[in-house]
Amino acid sequence: MTAFKSDFLNTLQERGFIHQCSDFEGLDALAAKGEAIAYVGYDCTAPSLHIGNYLTMMLLHWLQQSGNKPITLMGGGTTMVGDPSGKDETRAIRTVAEIEANKASIRGVFAKVLRYGDGKSDAIMLDNAEWLTKLNWIEMLRDVGRHFSVNRMLSMDSVRLRLEREQEMSFIEFNYMICQAYDFVELAKRTGCHLQMGGSDQWGNIIMGVDLGRRMGTHQLFALTTPLLTTASGAKMGKTAQGAVWLNADQFSPYDFWQYWRNTEDADVGKFLKLFTTLPMSEIKKLEALGGSEINEAKKVLATEATALLHGRDAANEAAETARRTFEEGELAESLPTVEIPRGELEAGIGVLNAFVKAGLVASNGEARRQIKGGGLRVNDEAVTDEKMALSAATLTPEGVIKLSFGKKKHVLLKPA
């Protein structure tokens, strides 16, 4: 393991954040002096960021903690183009109104892990719509486009893989890497930015920006990426039965977020403690050493610390207490996720398969049937054995809800509205 001069790179290496870097020595020297300015770009394709974005937010967090300056770049302009990286088909073109609404919904999450202000190491937020939407097409071709080799662009994974599969790539998507590279050069000129960071799938795009900066006469630029996030069993991280693990509380509740981390595979606990919490490494090493049933205590620490960082300590403690009362004491905790259904629909009777789909515990009636056959679904803590069972007002508990459970750890309350 290389020993760096800078706290920034030492922290990233110790915690497992580093996949590739264009120039360790040059970046290390800058960061050691507290002069590194780095950015991560976030496109506005949905109303919330997801857990993959959380990883790059932590990169910016540790950059700031080491006395260097982070930039969060909102992709108001690049979202209009659409990043083809890792996609098998063209992204849907979003309207300006959709992009603006998503941007407004996303912005607030960054202040959970970064400090914004006017100080030397305070974070700043910019939007690439500010310059990308004002570019003149002919000037862009002459001043920027001439520095790009189509041969090299065709060799990039985001393009090559799509073409090899004979899946169409639109001309607008083909231009995405040019827009991203230009962002890097523009930020270098505007803010003195030196470094772009991102996931490993962004390496090619980031290197394009480093190269464009050299050709357009900026100071030296650097690239750094994180490993692809996978679980110990090889699955891509961040997917649940309900879909993506979103960062906004209205998209994915603090309780669900806590449960996501509580359900971590044993072999991943240490890795995720390093990446998604700010606990000292000495404490993480103690938790990593726990074996047998004690690993569950480490999982609870992971769940509470990761949730506290994003949603606040109170929400994290409430989620932990809800889980304790639900699982250890068998109580019906009022703070479990709740889905409202029209009272008239309940009085008429709602099929049990449909109820579990509405609650988001299963994706389809077919999946609900399979889970019933395996004994995996329960209503008010009683196993469901009849797939034609109907839930009605008579099924309500004394608290006025119906508790649906998938396995031992996923619970939703149905509440008549």
Side-chain angles (χ1 to χ4, degrees), residues 11 14-17 48-59 61-62 65 108-115 229 231-232 237-242 244-338 405 407-413:
T11 298
E14 191 174 30
R15 288 181 173 263
F17 280 97
S48 172
L49 298 178
H50 54 75
I51 211 159
N53 304 125
Y54 194 31
L55 187 67
T56 58
M57 286 164 60
M58 292 305 294
L59 285 174
H61 169 84
W62 291 116
Q65 292 301 306
V109 74
F110 297 106
K112 305 289 180 68
V113 297
L114 296 172
R115 182 187 69 254
L229 268 186
T231 64
M237 192 184 166
K239 296 291 183 184
T240 68
Q242 299 108 301
V245 178
W246 301 108
L247 302 188
N248 283 18
D250 58 349
Q251 299 276 110
F252 200 79
S253 74
Y255 175 81
D256 285 333
F257 194 75
W258 192 95
Q259 277 296 330
Y260 175 78
W261 297 108
R262 172 64 182 84
N263 294 333
T264 294
E265 295 177 35
D266 291 2
D268 286 326
V269 175
K271 178 170 81 169
F272 293 163
L273 279 165
K274 292 171 189 172
L275 295 175
F276 294 104
T277 79
T278 56
L279 286 176
M281 285 299 297
S282 57
E283 194 168 338
I284 291 173
K285 284 171 182 171
K286 289 176 187 174
L287 292 166
E288 274 186 300
L290 296 176
S293 61
E294 287 186 324
I295 196 71
N296 289 322
E297 294 309 309
K299 291 181 184 182
K300 291 175 187 176
V301 173
L302 166 63
T304 299
E305 292 302 317
T307 306
L309 191 60
L310 185 67
H311 294 297
R313 184 65 59 183
D314 289 348
N317 289 340
E318 183 181 351
E321 178 60 14
T322 297
R324 188 188 67 78
R325 284 161 49 201
T326 303
F327 306 133
E328 295 176 17
E329 298 178 10
E331 280 188 27
L332 182 61
E334 293 175 4
S335 48
L336 285 171
T338 301
S405 304
K408 294 181 179 179
K409 295 178 180 177
K410 294 177 181 176
H411 309 271
V412 169
L413 303 181

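As the structure is a computational prediction, the values presented were derived from the model and not from experiment.
You'll find the side chain of V113 reaches within 4.5 Å of the side chain of Y54, heavy atoms only. Side-chain contact between L229 and L275: present, with at least one pair of heavy atoms (C-beta onward) separated by less than 4.5 Å. For the pair F17 and L55, the minimum side-chain heavy-atom distance is below 4.5 Å. Between T278 and W62, the closest side-chain pair of non-hydrogen atoms falls below 4.5 Å.
Rounding to the nearest 0.5 angstrom, the gap separating the CE atom in M237 from the NE2 atom in H50 is 11.5 Å. Rounding to the nearest 0.5 Å places CG of L310 at 8.5 Å from CG of N248. To the nearest 0.5 Å, atoms OG1 (T307) and CD (E318) are separated by 11.5 Å. One finds the CZ atom of F110 at 5.0 Å from the CG atom of L49 (value rounded to the nearest 0.5 Å). In this structure, F276 CZ and R15 CZ are separated by 12.0 Å, a value rounded to the nearest 0.5 Å.
In summary, of the residues considered (L302, L273, I295), a side-chain contact (heavy atoms from CB on, under 4.5 Å) with T264 occurs for L302 alone. Checking Y260, W261, Y255 one by one against F257, the side-chain contact (heavy atoms from CB on, under 4.5 Å) holds for a single residue, W261. Among the candidates L309, V109, L114, the single residue satisfying the side-chain contact (heavy atoms from CB on, under 4.5 Å) test with M57 is V109.
Every residue meeting the side chain to side chain donor-acceptor pair (under 3.5 Å) condition with E305, not counting sequence neighbours, appears here in chain and number order: R313. For E288, the salt bridge (charged side-chain N to carboxylate O under 4.0 Å, His left out) partners are K274, not counting sequence neighbours. Shown here are the side chain to side chain donor-acceptor pair (under 3.5 Å) partners of E265, two or more places apart in sequence or in another chain: T231, S233.
Contact record, A316 with A308: CB-N, 3.5 Å, taken as the closest heavy-atom pair. Summarising the geometry of A303 relative to W258, their closest heavy-atom pair is CB-O, 3.3 Å, with the distance given to 0.1 Å. Nearest heavy atoms, A232 versus A267: CB-CB, 3.6 Å.
A donor-acceptor contact shorter than 3.5 Å is absent between the side chain of N317 and the backbone of D314. With hydrogens and angles ignored, the 3.5 Å screen pairs no side-chain donor or acceptor of R262 with any backbone N or O of A320. With hydrogens and angles disregarded, a donor-acceptor distance shorter than 3.5 Å links the side chain of S48 to the backbone of L247.
Salt-bridge annotation for D256 and K410: absent, with no side-chain N of the basic residue lying under 4.0 Å from a carboxylate O of the acidic one. Ion pair K300/E297 flagged as a salt bridge, since at least one NZ, NE, NH1 or NH2 atom sits closer than 4.0 Å to an Asp/Glu carboxylate oxygen.
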Would L287 and L279 count as a side chain to side chain contact (heavy atoms under 4.5 Å, CB included) here? Give the steps. CA-CA 11 Å; L287 292 166; L279 286 176; 4.2 Å; yes
